[in-house]
A.B. asks: 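Dropping the structure in here first, questions after.
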Amino acid sequence: MTSETTPSQTVGPYLHIGLPWPDGPFAVAKGSPDGFWIRGVLYDGAGAVVPDGLIETWQADPDGRFDHPDDPRGAVDRPGFRAFGRCQTDGDGAFGIFTLKPGPVPGPRGPQAPHIDVSVFARGMLHRVVTRIYFPEEHAANAVDPVLTSVADPRAREALVARPAEDGYRFDIHLQGDDETAFFDI
């Protein structure tokens, strides 16, 4: 007996069991001295906030190393740093991740500027979309980053650079529309 395969399902609106957890937004332990927030709002194509999305981040450590078998340099031990954060959006579409600034990482086409990788999950999407957050004070590194410079539209490229905020940085995400965030084909 054979069965037909079923098509991909959209994320939600009810499946979130186990996705968020209480300290999910903390890629580094709460209160870490060099920690800061990256806060933003998730918008849909009509410009409305998305109150039931999920934002995931992963990143290198401040020395530009990953705690992963693909990085033979290995990570520097930093108690409380897990390099991964997950935050569901609230009723205003807002999210926040508390983390440390990553260092530059080696890449196949040259060094990559310090950045944080971001996955976005939202209703109506069959698959996550992936983008990056770059840092505004990294002008020289951003100017030669092979991924950032691959974004042809200057406005879209600039939108990948977070803005300074009182407690860290601001990075809004637009899923579609005139202000659509640049997403990468991974």
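This chain uses plain numbering: 1 for the first residue, then up along the sequence.
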A.B. asks: Between the main-chain N or O of A94 and the side-chain N or O of D92, is there a donor-acceptor pair closer than 3.5 Å?
C.D. replies: no

A.B. asks: Considering only distance and modelled atom types, tabulate donor-acceptor pairs under 3.5 Å from the side chains of residues 138-145, sequence neighbours left out.
C.D. replies:
unit_1 : atom_1 : unit_2 : atom_2 : d
E138   : OE2    : K101   : NZ     : 2.6
H139   : NE2    : P136   : O      : 3.1
N142   : ND2    : F135   : O      : 3.0
N142   : ND2    : E138   : O      : 3.3
D145   : OD1    : Y134   : OH     : 2.9
D145   : OD1    : V147   : N      : 2.9
D145   : OD1    : L148   : N      : 2.6
D145   : OD2    : A113   : N      : 2.7

A.B. asks: In sequence, state the C-alpha distance, the side-chain angles, and the governing distance for D67 and R82, and then conclude on side-chain contact (heavy atoms from CB on, under 4.5 Å).
C.D. replies: CA-CA 8 Å; D67 186 14; R82 65 177 172 216; over 6 Å; no

A.B. asks: Has the side chain of R157 got a donor or acceptor atom that lies under 3.5 Å from a matching backbone atom of V151?
C.D. replies: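 It does hold such a pair.
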
A.B. asks: Evaluate side-chain contact (heavy atoms from CB on, under 4.5 Å) for I116 paired with Y169, printing each intermediate quantity in order.
C.D. replies: CA-CA 12 Å; I116 296 176; Y169 298 92; over 6 Å; no

A.B. asks: Output, in order, the C-alpha distance, side-chain angles, deciding distance and verdict of side-chain contact (heavy atoms from CB on, under 4.5 Å) for E137 and V161.
C.D. replies: CA-CA 9 Å; E137 65 276 11; V161 180; over 6 Å; no

A.B. asks: Is it the case that over 12 heavy atoms from other parts of the model lie below 6.0 angstrom from the CG atom of D153?
C.D. replies: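 For D153, atom CG is crowded (more than 12 foreign heavy atoms under 6.0 Å).
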
A.B. asks: Roughly how far apart are R132 CZ and D117 CG, rounded to 0.5 Å?
C.D. replies: 5.0 Å

A.B. asks: I'd like to know if the side chain of T131 and the backbone of F183 have a donor-acceptor N/O pair within less than 3.5 Å.
C.D. replies: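 Judged by distance alone, no pair lies under 3.5 Å.
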
A.B. asks: Are R155 and D178 close enough for a salt bridge, meaning some N to O gap below 4.0 Å?
C.D. replies: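 A salt bridge is absent here (no side-chain N lies under 4.0 Å from a carboxylate O).
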
A.B. asks: Mind checking the OG1-CZ spacing from T99 to F84? Nearest 0.5 Å is all I need.
C.D. replies: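 One gets 11.5 Å once the value is rounded to the nearest 0.5 Å.
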
A.B. asks: Find the distance between CZ (F171) and CZ (R163) and round it off to the nearest 0.5 Å.
C.D. replies: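 Rounded to the nearest 0.5 Å, the CZ-CZ separation comes to 10.0 Å.
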
A.B. asks: Do V118 and V130 have side chains that get closer than 4.5 Å, going by heavy atoms?
C.D. replies: no

A.B. asks: Establish whether I173 and V41 are linked, either directly or via other cluster members, by ILVMFWY side-chain heavy-atom contacts under 4.5 Å.
C.D. replies: no

A.B. asks: Using the side chain to side chain donor-acceptor pair (under 3.5 Å) criterion, which residues pair with D44? Sequence neighbours excluded.
C.D. replies: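 Testing D44 for side chain to side chain donor-acceptor pair (under 3.5 Å), a comparison that skips the adjacent residues, returns none.
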
A.B. asks: State which residue, out of L160, D172, L175, fulfils the side-chain contact (heavy atoms from CB on, under 4.5 Å) condition with T181.
C.D. replies: L160

A.B. asks: Which is it for Y43 and V50 under the side-chain contact (heavy atoms from CB on, under 4.5 Å) test, yes or no, and what are the steps along the way?
C.D. replies: CA-CA 5 Å; Y43 295 95; V50 178; 5.7 Å; no

A.B. asks: Has the side chain of S119 got a donor or acceptor atom that lies under 3.5 Å from a matching backbone atom of E56?
C.D. replies: no

A.B. asks: G53 and L42: which non-hydrogen atoms are nearest, and at how many Å?
C.D. replies: CA-CD2, 4.1 Å

A.B. asks: Tell me if a side-chain donor or acceptor on R109 pairs with a main-chain N or O of P146 at a distance below 3.5 Å.
C.D. replies: yes

A.B. asks: In this structure, would M125 and I55 fall into the same cluster of hydrophobic residues linked by side-chain contacts under 4.5 Å?
C.D. replies: yes

A.B. asks: May I have the list of side-chain donor-acceptor pairs in residues 24-40 shorter than 3.5 Å, sequence neighbours left out?
C.D. replies:
unit_1 : atom_1 : unit_2 : atom_2 : d
S32    : OG     : A29    : O      : 2.7
R39    : NE     : D167   : OD2    : 2.8
R39    : NH2    : D167   : OD2    : 3.0

A.B. asks: Is there side-chain contact between L100 and R78, with heavy atoms separated by less than 4.5 Å?
C.D. replies: yes

A.B. asks: Quick one: are L54 and F95 in side-chain contact, heavy atoms under 4.5 Å?
C.D. replies: no

A.B. asks: Answer yes or no: is there a side-chain heavy-atom contact under 4.5 Å between P106 and P111?
C.D. replies: no

